[in-house]
Amino acid sequence: MTGKTLYDKIWDAHVAHEAEDGTCLLYIDRHLVHEVTSPQAFEGLRMAGRQVRAPEKTIAVPDHNVPTTAGREDPSNMTEDSRIQVAALDTNAKEFGIHYYPVTDIRQGIVHIVGPEQGWTLPGMTVVCGDSHTATHGAFGALAHGIGTSEVEHVLATQTLIQKKSKNMKVEITGKLMPGVTAKDITLAVIGETGTAGGTGYVIEYCGEAIRDLSMEGRMTVCNMAIEGGARAGLIAPDEKTFDYVMGRPHAPKGAQWEAALIWWKTLFTDEDAEFDKVVTLKGEDIAPVVTWGTSPEDVLPITDVVPSPEDFQGGKVDAARRSLEYMGLVPGTPLSDVSIDAVFIGSCTNGRIEDLRAAAEIVKGKKIAEGVRGMVVPGSGLVRAQAEEEGLSEIFEAAGFEWRLAGCSMCLAMNPDQLAPQERCASTSNRNFEGRQGFRGRTHLMSPAMAAAAAISGKLTDVREVM
Amino acid sequence: MDKFTTLTGIAAPMPLINVDTDMIIPKQFLKTIKRSGLGVNLFDEMRYDSEGNEVEDFVLNKPAYREAQILVAGDNFGCGSSREHAPWAIKDFGISCVIAPSFADIFFNNCFKNGILPIALPQEEVDKLMDDAERGSNAIITVDLESQTITGPDGGTISFEVDAFKKHCLLNGLDDIGLTLEKVASIDTFEEQASQARPWV
Ligand code: SF4
């Protein structure tokens, strides 16, 4: 018998029922809930007279549609639709007795930052949320994926999800990263390699020396974008770094429970003789600081490259590239480092953690944002914000001319007033560069926090290695 | 949930790859706390100009396709976010079947929960149906879930794959939660065992 992958092990530990055709009820250990994809689910429960099966395993936090400006604790400073959604979450959390972090709580933040921060996310768990970037939690060796609202309702009512097992895919990043190259560059480079559908039908396990070397923050950045590669989830085997990160967090196990947990967690790795259905290998040394040029996360190029031409592609991608270039207002052959920007967004569940803010502040320190460029730093949680203030990072950003915001999703999806104007071009640390993602007709270039900071200073897409 | 058995209707061609959920329903329409009424905003940024007027050459604005019930599209349809507003908007517009070479995972699952049948077919067959769909209101296609076949306007049939359990639910309009609750004893047993094995969870 061949060995098991990490995914196989977690999966097997959570199957509550398996039908003959392989359709399973997968038991869910943690269910994270936010204000945008949950109101209809709670409404469904109410209409059917159902309860939340495991309220103690359910955590709610408003993040997608909350303002990130001062005074938001006063509902009259919210737009009407934010107010309605936040009020609905408030009522639902109280009525169904689930854990809740309202905007007035310093622990409030982006759901995928709050979960790990509070120790809700632990190795070997199954974690779901009505948000595709739930993949983030895979950094802990937890099987974590996004679900739709009907599934949110299903998990609320039954604490299970109807699932069929995905296939196993291994993404190995060997060797060391070069200076200026970060977790964000790894994850974008992988998507550039596999395409946005390359992971469809798979759960990816990221491994290799370059992944091991990453901090927990970096690993979260990598797993966060597994979904942009089409995968159901991304995973990284837990190790000492994981355990160190988890230890002492408010909802992490303590004492004898901790010891017992550790014994199991240490079995969570892919056996040597396990087989993967697909393997992708990249050399860490070959990865450069990258940016996206188009409107799909697979449109990735090293910053030293030029804007491609539609003819460089094949099949359906030729038309897609033509459409992207027109939307992005880019001329083939232009060096990417000649592209001027209007705005910079540093934040999101991809890059809104303390390490990301440190990396950006390092570049910004003592400098000013280029004239005419609008810069925004949005910490991923109230605790990240407090930490950054304590370390003096907020002063660095403010002195450079950045707005220092309150925690939330903000211009990652631009549901609230944090938006780009039409044709405005943004250097962004978020995860999606789709048409209109950051505002109607807005143009998004994805990159690492350090690269976004460098772009803010020069006013153009910039190779961070030149300013390090 | 609405049943899906057979559907005979106009197919609209959308020969774009990577049609993402922000295209299907931009985030400004996620602010609702209801499921209904999103059809008018389906493909909003492609369908209307900045003044809110219809863009004439957008496929669903063309007279031939305003009543489309089937959408034929390119690879990786529905990529992006988990928002179920995407299938809600599609369904509310009147489309109950999407045919493409491949779909993003979460979107694909979300369709089945809303009485929409997503069909993945090899590229050549999608190309053929795309050509059929280009013929406007003559592009009547029949999708039969029971026999798993698609019949084109010229009478040729194509068969397709569908997960047996999902097919069963769709054919009968079954509510997943009700079905799962029939197995509540298994969940109870599992929960009991798991709380012994992993009490820290
Ligand atoms: S920060 Fe962006 S990607 Fe992350 S949860 Fe919020 S909206 Fe989704």
Side-chain angles (χ1 to χ4, degrees), chain A residues 16-17 19 21 23 25 27 29 36-37 39-40 43 48 50 65 81-82 84-85 88 122 124-125 130-132 146-151 153-154 157-160 162 164 196-197 200-201 230 232 253 257-258 260-261 264 296 316-317 319-320 323 413-415 422 432 434-437 440-441, chain B residues 1 15-18 20-23 26-28 30-35 44-46 50 74-76 79-88 102-107 109-110 113-114 123 163-166 175-181 183-184 186-187 189-191 194 197-201:
Chain A
H17 181 273
D21 71 342
T23 304
L25 285 182
Y27 191 83
D29 294 324
V36 175
T37 56
Q40 295 87 349
E43 196 51 33
R50 289 174 177 141
N65 197 12
D81 38 63
S82 304
I84 292 172
Q85 285 188 328
L122 300 173
M125 279 185 161
D131 182 278
S132 55
I147 55 178
T149 299
S150 295
E151 291 174 315
E153 187 179 335
H154 191 277
T158 70
Q159 205 56 28
T160 64
I162 301 173
K164 270 202 174 159
T196 47
T200 304
R232 177 163 293 173
Q257 297 248 342
W258 171 264
W264 189 56
S296 166
K317 192 71 192 169
D319 279 342
R323 186 184 163 93
L413 92 164
M415 263 189 85
R432 291 206 171 121
F434 296 157
E435 291 181 17
R437 172 77 179 184
F440 183 67
R441 301 258 160 238
Chain B
M1 189 184 75
L16 278 180
I17 61 165
N18 295 332
D20 60 66
T21 50
D22 282 78
M23 284 183 186
K27 67 254 151 192
Q28 60 270 32
L30 308 188
K31 296 174 177 179
T32 172
I33 57 169
K34 302 203 190 75
R35 291 174 203 244
D44 195 87
E45 293 183 1
M46 294 197 270
S50 45
D75 224 358
N76 199 27
C79 60
S81 89
S82 64
R83 61 185 68 158
E84 204 159 316
H85 308 67
W88 293 338
S102 71
F103 292 87
D105 193 42
I106 304 177
F107 175 83
N109 281 327
N110 282 342
K113 318 276 179 197
N114 291 284
Q123 185 74 49
D163 178 90
F165 175 71
K166 291 189 166 113
D175 161 31
D176 276 354
I177 298 179
L179 284 176
T180 297
L181 289 175
K183 306 194 188 82
V184 74
S186 307
I187 303 173
T189 311
F190 178 88
E191 207 165 54
R198 298 189 293 277
W200 61 85
V201 170

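Labels below follow one simple rule: chain letters A, B, ... track the order of the sequence lines, proteins then strands, and each chain is numbered from 1. Keep in mind that the numbers below use all heavy atoms, side chains included, and drop hydrogens, waters and symmetry copies.
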Non-hydrogen atoms of chain A under 4.5 Å away: do they reach the side chain of [X], the backbone, both or neither?
X      : answer
B:R35  : both
B:Q28  : neither
B:I17  : side chain
B:T189 : neither
B:P199 : both
B:K34  : backbone

Counterpart residues, side chain to side chain contact (heavy atoms under 4.5 Å, CB included), relative to B:S102 (two or more places apart):
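Expected list: B:D75, B:N76.
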With sequence neighbours excluded, tell me which residues meet side chain to side chain contact (heavy atoms under 4.5 Å, CB included) with B:I106.
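Testing B:I106 for side chain to side chain contact (heavy atoms under 4.5 Å, CB included), a comparison that skips the adjacent residues, returns A:S132, A:I227, B:S82, B:N110.
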Residue pair [X] / [Y], side-chain heavy-atom distance below 4.5 Å:
X      : Y      : result
A:R50  : B:L181 : yes
B:W88  : A:T149 : yes
A:D131 : A:T37  : no
B:F107 : B:P87  : yes

When only pairs under 4.5 Å are counted, which of [options] shares the most heavy-atom pairs with chain B?
options                        : result
A:Q40, A:H154, A:Q85, A:Q257   : A:Q40
A:G124, A:P422, A:S296, A:A414 : A:A414
A:T160, A:T200, A:I162         : A:I162
A:K164, A:R441, A:Q159         : A:K164

Heavy-atom pairs under 4.5 Å with chain A - which of B:D175, B:I33, B:L16 has more of them than the others?
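Of the options given, most contacts go to B:I33.
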Spacing of B:I187 atom CD1 and A:T158 atom OG1 [to the nearest 0.5 Å]
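B:I187 atom CD1 to A:T158 atom OG1 measures 5.0 Å (nearest 0.5 Å).
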Straight-line distance of B:M46 CE to B:M23 CE, nearest 0.5 Å
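Here the interatomic distance stands at 5.0 Å.
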Non-hydrogen atoms of chain B under 4.5 Å away: do they reach the side chain of A:M125, the backbone, both or neither?
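When you check distances to chain B, only side chain atoms of A:M125 fall under 4.5 Å.
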